[in-house]
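None of the values given here were measured: they were computed from a predicted structure. We're numbering straight along the sequence, starting at 1.
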Amino acid sequence: MFKKLKFKLNNENIFLWFLSFLLFSNEIINAQKTNVGLIYENDYTDMEKIFQLAITNANTNMEDMYLNGVSINIESGNAFETSKKLCKMLRQNLVAVFGPTSTMAAKHAMSICDAKELPFIDTRPDFVVELPTINMHPHPTQLAIILKDLVTILEWEAFTIIYESGEFLPIVNDLLQLYGPSGPTTVVRRYELDLNGDYRNVLRRIRNSGETSLIVVGSADTLPELLKQAQQVGLMTGAYRYIISDLDFQTLDLEPYQHSDANITGIRLISPENEFVLEVAKALYEEEDPYVNVSCPLTVNMALVYDGVQLLAETFKHIMFRPVSLNCNDDVTWDKGYTLVNYMKSLSIKGLSGDIKFDYEGLRTDFSLDIIELTVSGLQKIGTWSSDEGASLDRPAPTITVEPDQRSLVNRSFVVITAISEPYGMLKDSPATLEGNDQFEGFGIELIEELGKKLGFSYTFRLQEDNKYGSIDPVTKKWNGMLLEIMEGRADLGITDLTMTSDRESAVDFTIPFMNLGIAILFRKPMKEPPKLFSFMSPFSGEVWLWLGISCVSVSLSMFILGRISPAEWDNPYPCIEEPTELENQFSLTNCFWFSIGALLQQGSELAPKGFSTRSVASFWSFFILIMVSSYTANLAAFLTVESLSTPIENVDDLAANKGGVNYGAKVGGSTFKFFQDAKFPTYQKMYEFMDSHPEFMTSTNAEGVQRVEDENYAFLMESTTIDYITERRCTLTQVGLLLDEKGYGIAMKKNSPFRDVLSQAVLELQEQGVLVKMKTKWWKEKRGGGACTVSLLLQPIREHNIRFRANLEYPPHFPKVIAYIRAK
């Protein structure tokens with residue numbers, strides 16, 4: 001037994017000695033390692049991948065030693081976590097630290113490395129470069145010079161600078177100082193206003209101000225959303241020019257803007273066409289084609305980390321310093337740190353970001369950039385910028401001769417037929433006699449103007465005299481109206497509130513809808529109900545009144561029974577007789593009902609209970625009545641002040657059932673009447689039978705139907721967009737119910753026209769750019785009396801309070817808006 005125990009103890013001692021030997025050997029190995037540290041954020045895992053790839057590639061050319069990568073990850077911008085983890089990493093014999101990309105975390109890491117004299121390799125654009133720091137990024141002051149050279153070579157006479165946040169203000173300030181007070185007209189705007197990534201307010205102000213040349217100074221993180229919202233508000237057209245200052249231009253996916261006609265110019269430090277860049281990208285992402293959506297995934301920070309590792313490896317080929325373990329809690333520093341940094345600055349290598357050289361101040365110098373422009377075929381290099389020669393353009397000549405597109409509308413001329421229909425086509429109100437295109441205005445007229453500007457064609461408007469859009473005669477099977485003019489070639493295009501139907505599609509072609517709508521009911525607004533005789537009972541429902549009556553009867557019976565039982569309620573009717581033969585009780589059945597009703601009506605009575613039981617019932621009843629009367633009084637005030645509105649119809653079913661004696665009709669031969677004629681739904685079939693059997697309720701024009709709605713107990717069936725236009729101007733009318741169907745308005749053209757796709761694409765672009773929405777707001781709510789009902793609602797409080805229009809009176813808050821609106825009209 002003792003022998004076994006001794007053998008066990010010997011085994012444990014051997015194991016402990018072996019473990020101590022391993023730990024000692026590991027310390028010796030760590031002391032000889034050349035460790036390089038990397039601090040990266042959790043959102044940038046690719047940074048750690050390229051760091052390890054750079055370490056691996058650098059070691060292939062090392063002979064006597066090798067580099068070892070040590071990395072830690074932190075939350076983005078967490079300075080405390082950065083300091084804590086960096087202090088632990090300093091104990092691992094580091095020779096340099098590559099910093100994080102966020103500003104606050106990088107500054108804390110830089111200060112710790114500065115205190116320990118440990119080389120800190122920065123990849124951010126920083127204005128302050130101190131020992132022992134090497135900044136691989138071009139200095140922001142040089143970026144301002146680059147932007148000035150671009151403005152000069154592109155011949156911009158005035159421009160607007162839109163910057164992301166205060167972090168980018170030094171670049172804006174340097175650019176403005178380069179021009180001085182005698183420079184071009186410059187407007188400065190900030191687009192990141194802490195609105196959860198909503199930049200549309202700033203972009204709308206730019207659009208409304210007429211500024212067309214924009215320099216965007218911001219990060220690559222916000223640029224995709226900025227460009228997307230710029231397209232949404234209409235800033236991505238041929239009238240606008242952009243210069244993107246971020247050096248990560250190669251990472252942006254600009255495919256959605258290739259055909260927007262906007263001129264977008266940028267600069268890049270990393271060239272995706274470079275074979276070295278392509279090789280690193282393939283090795284990093286392990287893909288044959290690592291470029292997604294024609295954009296390079298390698299960012300400037302990633303490329304500078306890779307170049308920084310190669311620069312460090314090149315330095316250790318010439319000098320050899322033994323790293324030491326450092327501690328944040330003492331004053332020990334690495335005495336070789338400054339020497340290593342100075343030697344690195346004296347070297348010159350070629351990396352992913354081009355030639356890497358430093359001047360005597362430690363700033364990046366002698367580097368070059370590509371000037372890139374977005375074209376319909378993608379990003380194209382149009383020039384270069386270098387520290388010595390500045391910017392120079394060298395646009396490549398086209399190498400392929402493209403056959404002219406037969407579908408192109410450039411320099412073509414069209415006859416466009418239209419009809420008088422507000423607000424799509426109208427004659428201008430002018431004292432002078434107008435001719436040609438000048439005599440027309442409206443939504444459809446302006447839409448053709450926008451398409452003409454966009455596609456480069458000219459046009460001549462012609463009016464359809466009989467104002468018929470086009471329908472097929474069921475007997476002769478012949479078309480009439482505007483569609484006949486297009487089919488027989490007397491007009492090329494047709495535009496008005498022309499509904500796209502299956503019959504019309506069989507005769508002509510349409511573009512995609514420029515406006516979506518449906519059939520709705522136009523009727524007068526609900527009218528005020530006359531007061532009712534028993535409106536005083538409205539505060540309580542019928543059930544409450546019933547239970548209140550039952551309660552009154554129950555209390556009266558309770559008082560009668562308790563009054564009979566309680567001795568205190570029996571009185572001597574003859575005080576002179578001490579022992580009367582009869583006693584008297586005041587709570588007879590009649591008196592009990594009188595007592596409860598008097599309490600209910602808050603009038604009281606001469607009866608006063610004397611017994612405990614009767615007094616208890618009377619107290620509970622009085623408290624109950626107090627609550628009920630208070631509730632009734634409060635509800636009665638609300639019911640008498642709230643205006644009750646009534647309308648005989650609320651939907652299409654009420655209309656079909658002839659509820660309230662409301663007659664209805666539609667325009668004869670229009671698409672609305674055709675809809676009911678072909679409908680299979682029973683309610684719509686019933687409505688068609690009514691309209692077919694009562695031709696007196698049908699109208700020849702929409703204006704006639706609107707007038708009948710105002711003058712008679714009549715509802716008019718028409719398209720919802722026209723109803724919106726009418727209700728903006730006639731305040732007594734409104735739309736009733738939901739849409740009965742869904743359809744759209746389109747531009748008509750001859751069958752199998754080669755221009756259909758081109759026009760449809762142009763209409764779609766106008767929709768995406770917000771041009772159509774802006775036009776609809778203009779013609780529905782602003783022009784020709786639009787917004788009259790809105791002004792009426794704003795003026796109503798003024799009329800109610802009898803506020804006089806005098807300058808010395810205190811106006812309500814909305815009054816200046818009302819006056820401004822009236823002056824605009």
Side-chain angles (χ1 to χ4, degrees), residues 43 76-77 101-103 124-125 140 143-144 147 150-151 156 158-176 185-268 293 295 299-300 372-374 379 764-777:
D43 299 336
S76 181
T101 56
S102 57
T103 302
R124 304 171 304 110
L143 182 59
L147 294 176
L150 280 177
V151 170
W156 287 11
F159 55 88
T160 297
I161 304 174
I162 53 175
Y163 68 97
E164 180 179 345
S165 58
E167 180 182 351
F168 298 90
L169 270 177
I171 300 175
V172 177
N173 181 56
D174 286 348
L175 180 58
L176 295 178
T185 304
T186 305
V187 180
V188 179
R189 299 179 185 272
R190 174 175 173 172
Y191 65 84
E192 175 54 74
L193 301 177
D194 297 329
L195 297 176
N196 296 324
D198 187 1
Y199 315 130
R200 295 179 184 86
N201 289 335
V202 176
L203 296 174
R204 287 192 193 97
R205 287 198 293 270
I206 294 174
R207 182 194 63 195
N208 296 333
S209 65
E211 303 159 14
T212 58
S213 301
L214 310 174
I215 298 178
V216 182
V217 182
S219 64
D221 295 333
T222 60
L223 280 175
E225 187 64 25
L226 176 71
L227 295 176
K228 175 183 175 182
Q229 295 183 20
Q231 185 180 50
Q232 292 173 351
V233 302
L235 291 182
M236 281 292 175
T237 64
Y240 294 93
R241 303 177 293 181
Y242 293 84
I243 293 178
I244 308 298
S245 67
D246 193 86
L247 297 182
D248 276 323
F249 196 72
Q250 77 283 349
T251 64
L252 300 178
D253 179 15
L254 301 176
E255 187 177 3
Y257 318 109
Q258 284 183 206
H259 304 281
S260 65
D261 294 337
N263 184 277
I264 302 178
T265 305
I267 49 179
R268 68 186 183 193
N293 291 334
S295 59
T299 65
V300 169
I372 307 301
E373 188 175 77
L374 181 64
L379 291 177
L764 182 61
E765 290 177 0
L766 292 178
Q767 286 179 343
E768 293 174 347
Q769 295 165 5
V771 176
L772 296 186
V773 175
K774 184 179 179 182
M775 287 168 52
K776 185 176 180 181
T777 302

Does the side chain of [X] reach to within under 4.5 Å of the side chain of [Y], using non-hydrogen atoms?
X: Ile161; Y: Leu176; answer: yes
X: Thr265; Y: Arg241; answer: no
X: Leu143; Y: Asp174; answer: no
X: Val216; Y: Leu227; answer: no
X: Pro140; Y: Phe168; answer: no

Shortest non-hydrogen contact from [X] toward [Y]:
X: Ser245; Y: Ile267; value: O-CD1, 3.7 Å
X: Tyr242; Y: Ala230; value: OH-CB, 3.9 Å
X: Arg190; Y: Val202; value: O-CG2, 3.4 Å
X: Asp221; Y: Pro224; value: O-CD, 3.9 Å
X: Val172; Y: Tyr163; value: CG2-CB, 3.9 Å
X: Ala220; Y: Leu252; value: O-CD2, 4.2 Å

Show, in sequence, the C-alpha distance, side-chain angles and deciding distance for Leu223 and Phe249, and conclude whether the side chain to side chain contact (heavy atoms under 4.5 Å, CB included) test is met.
CA-CA 10 Å; Leu223 280 175; Phe249 196 72; over 6 Å; no
Starting at [atom1] of [X], measure out to [atom2] of [Y] and round the result to the nearest 0.5 Å.
X: Asp253; Y: Leu379; atom1: CG; atom2: CG; answer: 9.5 Å
X: Thr185; Y: Phe159; atom1: OG1; atom2: CZ; answer: 9.5 Å
X: Ile244; Y: Ile372; atom1: CD1; atom2: CD1; answer: 13.0 Å
X: Arg268; Y: Asp246; atom1: CZ; atom2: CG; answer: 13.5 Å
X: Met236; Y: Ile264; atom1: CE; atom2: CD1; answer: 4.0 Å
X: Leu374; Y: Tyr257; atom1: CG; atom2: OH; answer: 10.0 Å

Selection residues 223-238 - residue pairs positive for salt bridge (Lys or Arg N to Asp or Glu O under 4.0 Å), sequence neighbours left out
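Counting only pairs at least two positions apart or across chains, no salt bridge (Lys or Arg N to Asp or Glu O under 4.0 Å) contact touches residues 223-238.
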Show the numbers, then the answer: is there a side chain to side chain donor-acceptor pair (under 3.5 Å) between Thr222 and Tyr199?
CA-CA 10 Å; Thr222 60; Tyr199 315 130; 4.8 Å; no
Test Asn208 against Arg205 for side chain to side chain donor-acceptor pair (under 3.5 Å), laying out the working first.
CA-CA 5 Å; Asn208 296 333; Arg205 287 198 293 270; over 6 Å; no
Worked verdict on Leu235 versus Gln229 for side chain to side chain contact (heavy atoms under 4.5 Å, CB included):
CA-CA 9 Å; Leu235 291 182; Gln229 295 183 20; over 6 Å; no
Donor-acceptor contact below 3.5 Å, side chain [X] vs main chain [Y]:
X: Asp248; Y: Val300; value: yes
X: Glu192; Y: Ser165; value: no
X: Asn173; Y: Leu169; value: no

Would you please test Leu175 and Ile215 for side chain to side chain contact (heavy atoms under 4.5 Å, CB included) and show each step?
CA-CA 11 Å; Leu175 180 58; Ile215 298 178; 4.2 Å; yes
Using the test side chain to side chain contact (heavy atoms under 4.5 Å, CB included), find all partners of Thr160 that sit at least two apart in sequence or belong to another chain.
Ile162, Val187, Arg189, Glu211, Leu214
